Amino acid sequence: MNLEWSGQERITASKEKVWSFINDPASIASCLPDVRQTNVLDAHTFDATVGVAVGPVRGSFKFKIALEPRPDGNHMDMKINGGGLGSVIDLLAAADLTAEGDAATILNWKGTASMRGPIATVGGRVLDTQALRVISTTFENVRNRLSGNPPSQ
Amino acid sequence: MFPAQFDYRPASSVDEALEALVRYGDDARVLAGGQSLIPAMRFRLARPAMLVDINPIAELDYLRESGGQLQIGATTRDYLLETSTMLGDRYRLIADTAAVVADPVVRQMGTVVGSLCHNDPAGDWPVTALASRAQVVVRGKDGARTVSIDDFIVDSYTTAVGTGEMAVEVRFPTPSARTSGSYQKIERKVGDFATAAAGVQITLAPDGTIADAGIAIGALGPKALRVSAAEKLLKGAKPSKALIEQAMREAQTVADPNPDNRGSVEYKRAMAGVLVGRALRQTLERLGVGGLA
Amino acid sequence: MKINVTVNGTRYDRDVEPRMLLAYFLREELGLTGTHVGCDSSSCGCCVVALDGDRAVKSCTMFAVQANGHEITTVEGLEEGGKLHPLQQAFWDQHGLQCGYCTPGMLMTAYVMLKHKPKPSEAEIREAISGNLCRCTGYQNIVKAVQQAANELTAEPAAAAVGS
Amino acid sequence: MTQSIGVSMKRKEDPRFIRGRGRYLDDIKLPGMLYLALVHSPYPHARIKSIDKSKAMAVPGVKAVITGEDLDAAKLEWLPTFHGYDKQMVLAFGKTLYQYQEVAGVIATSREVAHDAVELVEVEYEPLDPVVDPYQAKEDTIILRDDREPKTNHIYHWEVGDKTATATALDTSAVRIKERIISPRCHPAPLEPCGIVADMNKATGRLTLYMTSQAPHVHRTAFSLVTGIPEDKIHVISPDVGGGFGNKVPVYPGYVVATVASVIIGVPVKWVETRTENLTTTGFARDYHMDVEIGATKEGKVTALRVSTVADHGAFDAAADPRKYPAGMFGIVTGSYDFPAAFAEVDAYFTNKPPGGIAYRCSFRVTEASFAIERGMDLLARKLEMDPVELRRQNFIKKEQFPYSSPLGFTYDSGDYAATMRKALDIIGYEALRKEQAEKRKRGELMGIGISTFTETVGAGPGKQFDILGIKMFDSAEIRIHPTGSGIVRAGTRHQGQGHETTWAQIVGEELGLDPQELLVEEGDTDTAPYGLGTYASRSTPVAGGALALAARRIREKAKKIAAHLLEVAEDDVEWKDYKFGVKGIPDKSVTMKEVAFAAYTNPPPDTEPGLETSYYYDPPNLTFPYGTYIAVVDVDADTGAVKVRRFLAVDDCGTVINPMIVEGQIHGGLAEGFAIAFMQEIKYDEDGNNLNTNFTEYLIPTALETPAWETDRTVTPSPHHPIGAKGVGESPNVGSPQAFVNAVMDALAPLGVTHIDMPLTREKVWRAIRNAS
């Protein structure tokens with residue numbers, strides 16, 4: 001099952017600052033929603049355990065996250081592969097940065113999720129939007145952190 | 001499949017249940033009919049550490065008309081509504097709904113309040129509760145509060161019931177005599193989640209105009225949705241074919257379905273219109289207003 | 001957890017894990033294997049039993065601990081004094097079963113339904129058993145069987161009067 | 001004694017079932033029994049990088065965790081498939097080839113603990129691109145099976161008929177139709193899931209396998225071949241089977257893992273699949289993509305048929321077809337019609353889906369063939385602007401043409417297609433329905449009438465053509481008559497609801513003049529039953545039924561000698577009449593079979609062996625060809641695409657009817673499954689290879705409310721070569737009905753110009769067709 005979502009965040013920080021923030025695994029890891037454990041593996045990859053709770057469905061997903069920045073400094077792909085609840089969720093998040101003057105940056109993001117295993121059918125109705133919330137909340141938190149707002153969950 | 005391990009606490013009173021819910025916090029779930037929760041536990045999607053069983057609380061099993069309301073307790077089963085003679089024509093929407101929830105065996109365990117609390121986007125009761133402007137009584141350690149259904153169903157599987165709280169009753173305002181309703185749903189077979197659903201309740205004024213209209217759709221968004229624009233359109237108007245067609249279009253606009261095995265976005269959105277149209281026509285027919293097809 | 005459940009008139013005291021489903025309690029703990037399990041999603045109805053005589057419930061969607069203090073009737077409890085219940089007899093007479101796997105659940109659903117609705121129409125019977133799946137019969141002879149049993153159950157007092 | 005055959009005797013098996021006293025697989029509980037639960041792959045195609053058992057092994061109660069590597073070390077990793085052209089993995093080894101493939105097995109003291117530990121087996125996968133579509137598989141850009149040579153996804157090409165003559169005839173035909181007709185992947189899903197209790201007794205060295213098996217002897221042989229355990233040391237018991245429909249013919253990984261575990265640990269091990277396992281890993285059916293072409297004259301006489309099929313076989317070629325017939329009896333695709341030329345070919349491919357290709361309530365690939373021709377004939381009628389009934393009437397094989405040699409190699413035994421269709425049209429009131437339809441069409445209402453005049457071929461089969469694992473597809477019967485005239489009847493078949501305990505007794509009772517109530521029928525125990533190939537493909541009555549009649553006649557021959565002895569006349573003067581032995585010309589002198597049975601043990605003739613028992617292995621001379629006319633009447637709701645089946649009539653001809661009540665029940669059940677296939681039952685995969693129908697909330701089995709009421713009737717044209725003239729019936733309704741439903745819906749949509757929609761006819765598909773047309 002494949003799902004797509006997209007969104008936009010306006011961050012009151014320079015493009016360079018945003019770019020370096022989203023290039024740092026530790027920073028990105030700290031923006032994941034309901035993150036329970038992170039482990040930075042190298043300059044571009046890290047593991048994270050993220051809690052999932054929707055209605056009666058509760059559990060956690062273990063993700064391996066790889067950051068793939070483009071050399072132009074404008075575009076970042078994040079490959080998020082992981083599993084939990086006997087299933088697999090693969091997320092792909094792509095972020096495009098556009099400077100809005102010196103002090104603000106527009107972050108346009110697009111996410112796709114593909115799910116396999118029991119949740120694709122049994123839990124799909126419960127978890128589909130939840131999977132994408134991992135992405136949207138992460139970018140919201142990037143904005144909040146860089147703009148100096150309190151984080152969302 | 002077999003559920004993961006959990007602890008079990010049968011509660012003999014609401015206070016006892018609340019005490020357990022407070023103590024175990026987010027790890028606890030209330031067990032009422034269990035007809036959604038237990039299958040989810042069997043698939044190990046739901047794995048509460050503690051189940052607080054409210055079925056032994058005899059005082060929560062009631063269906064009564066009191067203080068201008070139809071009151072339904074938290075352990076009252078769907079089949080009681082299905083077979084009750086109390087509902088009559090005025091609560092027609094509720095009676096219609098009770099007859100088509102899940103399947104007839106599931107209805108002998110499943111509860112109205114439990115269904116509202118589960119708040120499945122394809123659930124039947126949230127639709128009917130919206131269309132008939134229900135309220136839910138939520139109890140916590142510090143007493144009870146009454147929440148309108150619009151505020152109660154927050155998002156998919158998420159309600160206004162907080163940690164350490166439980167819903168104890170749903171209340172449907174007693175409508176005036178010239179009220180009827182209709183619940184329409186498309187399901188692939190008995191027991192399936194709805195592909196699309198619509199609930200309508202209408203009260204006619206003495207002059208034949210529509211005094212009040214409740215219109216809601218289900219399985220057509222992250223939660224049951226109120227078609228407010230159509231409700232406004234109908235209120236004060238005289239029933240007509242054109243009016244119904246306008247309401248159908250409003251329902252299609254409000255619908256925001258996900259594609260799945262039941263159908264595409266396009267199909268489901270079209271069905272939002274079809275079902276709202278059918279529910280409106282049937283309701284008006286039941287009120288003696290025909291010739292609208 | 002310690003529970004006591006009365007099944008087919010006999011009281012049983014057992015200590016069970018909370019996660020034990022009622023269907024497996026009946027089958028594994030009490031050896032009443034007439035109650036079957038055919039799915040994991042509360043869809044098939046092979047496991048239907050009567051709860052307190054007046055509700056048909058899917059025993060795979062109820063925990064054994066919930067039956068504490070309650071009475072359960074299973075297919076094994078239908079026969080009385082060596083005489084088949086009219087529903088059992090009717091399923092036999094009307095060829096209302098083939099592989100027999102759905103039969104206990106069908107019987108128990110129909111058993112409860114006839115208590116609430118002694119003279120159901122064909123449509124009402126089809127509706128009442130629509131929480132129970134059958135793969136073999138195409139349902140037609142099951143419907144006929146329930147009709148036969150309904151006729152017999154409602155005719156019984158009259159027949160007895162004639163006999164006395 | 002009176003007549004037994006043709007009597008609606010109540011079923012002898014029912015008293016235990018209605019009391020909840022059947023004994024199904026999961027009812028078996030042996031002392032010290034352990035439970036197996038399986039770990040499944042979430043990926044349809046992935047390399048297995050590592051499997052970590054340690055956390056699972058640490059769970060209290062877990063006795064063992066078995067992986068593909070463990071099985072490979074024991075040389076038990078690969079299992080031969082039934083027709084012997086391929087092999088399949090027991091547990092994923094190196095890589096996984098379909099979603100939910102079995103990756104490891106956990107053996108524990110309870111089911112709950114086994115499932116707890118399954119969650120703790122850590123498998124690291126490296127996902128690979130999946131091949132989901134058989135047409136994509138054809139490209140060979142991704143090769144699925146590293147273990148095979150040559151490196152291709154193509155499994156086989158099979159063809160039958162005269163390719164050149166068919167091409168020429170099609171090219172010169174005045175009218176032609178061509179359509180891709182898909183018989184979608186579906187699943188039999190009997191309500192009882194598959195399971196096994198494997199019990200290795202180390203003291204006796206015997207392995208007892210309680211299995212949900214439609215073919216216990218074949219399974220015994222297969223287990224012996226795979227494990228090397230001598231066949232006498234294996235005892236297969238198939239207890240009461242809660243429905244099979246083909247699902248319980250193959251050998252599944254769970255069976256093998258449970259058996260290996262029992263052999264190693266030395267205690268009984270039970271595995272009962274979950275519904276999800278049933279739908280995602282065990283024998284699927286169909287998945288034939290058929291390009292159907294029919295040529296005809298302007299007057300509507302058919303000239304040629306060509307069908308080219310792409311078959312999706314999943315990851316292993318485990319289709320349960322006879323060895324020489326990789327596409328089964330697909331050659332029946334010319335159906336009930338007299339085609340001067342025909343050609344059929346099938347190309348099968350591997351995809352990342354579970355293996356199977358079982359005969360789901362049908363003879364091998366007959367449902368697909370029948371659907372293709374019956375849809376094709378309707379498309380041709382539409383093109384010719386001819387009533388589909390009239391087109392069929394013109395092209396039927398005529399009564400006097402039997403035995404009929406079809407262009408694709410079958411010899412049809414008997415039939416009177418026109419008479420059966422006439423009867424159906426009369427009962428349904430065809431003319432009146434067409435009139436009603438014409439009026440409704442004027443008002444814009446969508447009503448349709450669909451017809452299917454199918455012929456199937458069942459009863460595999462003659463040993464010179466048909467075998468499984470090299471074993472000829474005969475079947476067997478053994479009869480023992482006790483001194484007091486009751487007896488025990490055993491057969492190599494295994495019923496799953498078909499009523500053999502009743503009908504077998506009726507066949508033997510009829511032949512011997514004994515009361516069927518006093519003939520105990522026993523099947524499913526390989527220690528006692530004679531070797532047989534089992535129950536599937538409507539073969540029980542055509543094959544085992546023949547064996548039973550002929551075994552009984554053997555008994556009767558010996559009984560005649562004893563009767564002559566008792567009657568004190570020469571054997572030649574004894575005649576079998578009115579279910580007893582009489583003396584020619586002396587009406588009041590006779591002995592009953594009961595008297596003969598007693599004498600067989602107490603007073604046999606001096607030159608005769610005592611006792612009265614025999615067995616018979618029957619190799620049928622030909623297949624049988626049941627047929628029928630089915631008519632569906634539907635109303636379509638244009639707003640939602642919902643189809644209401646208003647009426648459905650089935651007029652069947654299955655030759656001699658043994659028990660009319662049971663035959664009618666079989667037809668009802670098959671029609672319900674045909675209805676399900678036409679409207680809701682499908683195993684679908686998304687483009688990533690995810691199974692979208694993994695349990696009964698998504699794999700839709702109709703309830704009593706959706707299922708139509710059935711009308712049935714029959715004509716009787718006995719099979720000339722079958723000992724009692726019976727043809728078999730269990731599968732006709734499932735083979736013959738889907739096209740009647742689809743034809744009816746297409747007929748309803750005809751005014752809109754809609755010609756074809758693939759099954760299942762969901763509301764959305766019908767709605768979309770209506771919307772796109774208008």
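Quick caveat, the model's predicted, so the values are computed rather than measured. Throughout, a chain's letter reflects where its sequence line sits, starting with A, and its residues are numbered from 1.
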So what's closer than 4.5 Å to chain B heavy atoms on C:Thr109: side chain, backbone, both or neither? side chain

Contact origin within C:Val57 toward chain B - heavy atom pairs under 4.5 Å: both

Can you give me the closest heavy-atom contact between C:Gln66 and B:Asp53, atom names plus distance? CG-OD2, 3.6 Å

Between C:Ala128 and chain B, which part of the residue has a heavy atom less than 4.5 Å away: side chain, backbone, both or neither? backbone

Rounded distance [0.5 Å steps], CG in C:Leu21 versus CZ in B:Arg42: 5.0 Å

Give a yes or no on whether C:Lys115 atom NZ has more than 12 heavy-atom contacts from other residues, nucleotides or ligands under 6.0 Å away. yes

Is it the side chain or the backbone of B:Pro3 that comes within 4.5 Å of chain C heavy atoms, both, or neither? both

To the nearest 0.5 Å, tell me how far B:Asp7 CG sits from C:Arg19 CZ. 11.5 Å

Measuring from B:Met109:CE to C:Ser42:OG, what's the distance to the nearest 0.5 Å? 9.5 Å

Per-residue tally against chain B (heavy atom, under 4.5 Å) across C:Cys60, C:Gly45, C:Gly69, C:Ser43 peaks at C:Cys60

Which bit of B:Ala40 is near chain C, if near means a heavy-atom gap under 4.5 Å: side chain, backbone, both or neither? neither

Where does B:Ala4 contact chain C at under 4.5 Å (heavy atoms): side chain, backbone, both or neither? backbone

Residue part contacting chain B, namely of C:Asn132, when any heavy atom lies under 4.5 Å: side chain

If the threshold is 4.0 Å, N to carboxylate O, is there a salt bridge linking C:Lys58 and B:Asp103? yes

With rounding to the nearest 0.5 angstrom, report the NE2 to CD distance, C:His116 to B:Gln108. 6.0 Å

Result block: side-chain N/O donor-acceptor pairs under 3.5 angstrom for residues 100-107 of chain C, not counting sequence neighbours:
| residue | atom | partner | partner atom | Å |
| --- | --- | --- | --- | --- |
| C:Tyr101 | OH | C:Val37 | O | 2.7 |
| C:Thr103 | OG1 | C:Gly100 | O | 3.4 |

Is there a side-chain contact between C:Leu133 and B:Lys189, using heavy atoms and a 4.5 Å cut-off? yes

Run through B:Phe2, B:Phe6, B:Tyr8 and flag the one making a ring pair (Phe, Tyr, Trp, His ring centres under 6.0 Å) with C:Phe63. B:Phe6

So which part of C:Met20 gets closer than 4.5 Å to some heavy atom of chain B, the side chain, the backbone, both or neither? neither

Run through B:Leu37, B:Val105, B:Ile38 and flag the one making a side-chain contact (heavy atoms from CB on, under 4.5 Å) with C:Thr61. B:Ile38

Shortest non-hydrogen separation from B:Pro104 to C:Glu127 and the atoms involved: CG-O, 3.0 Å

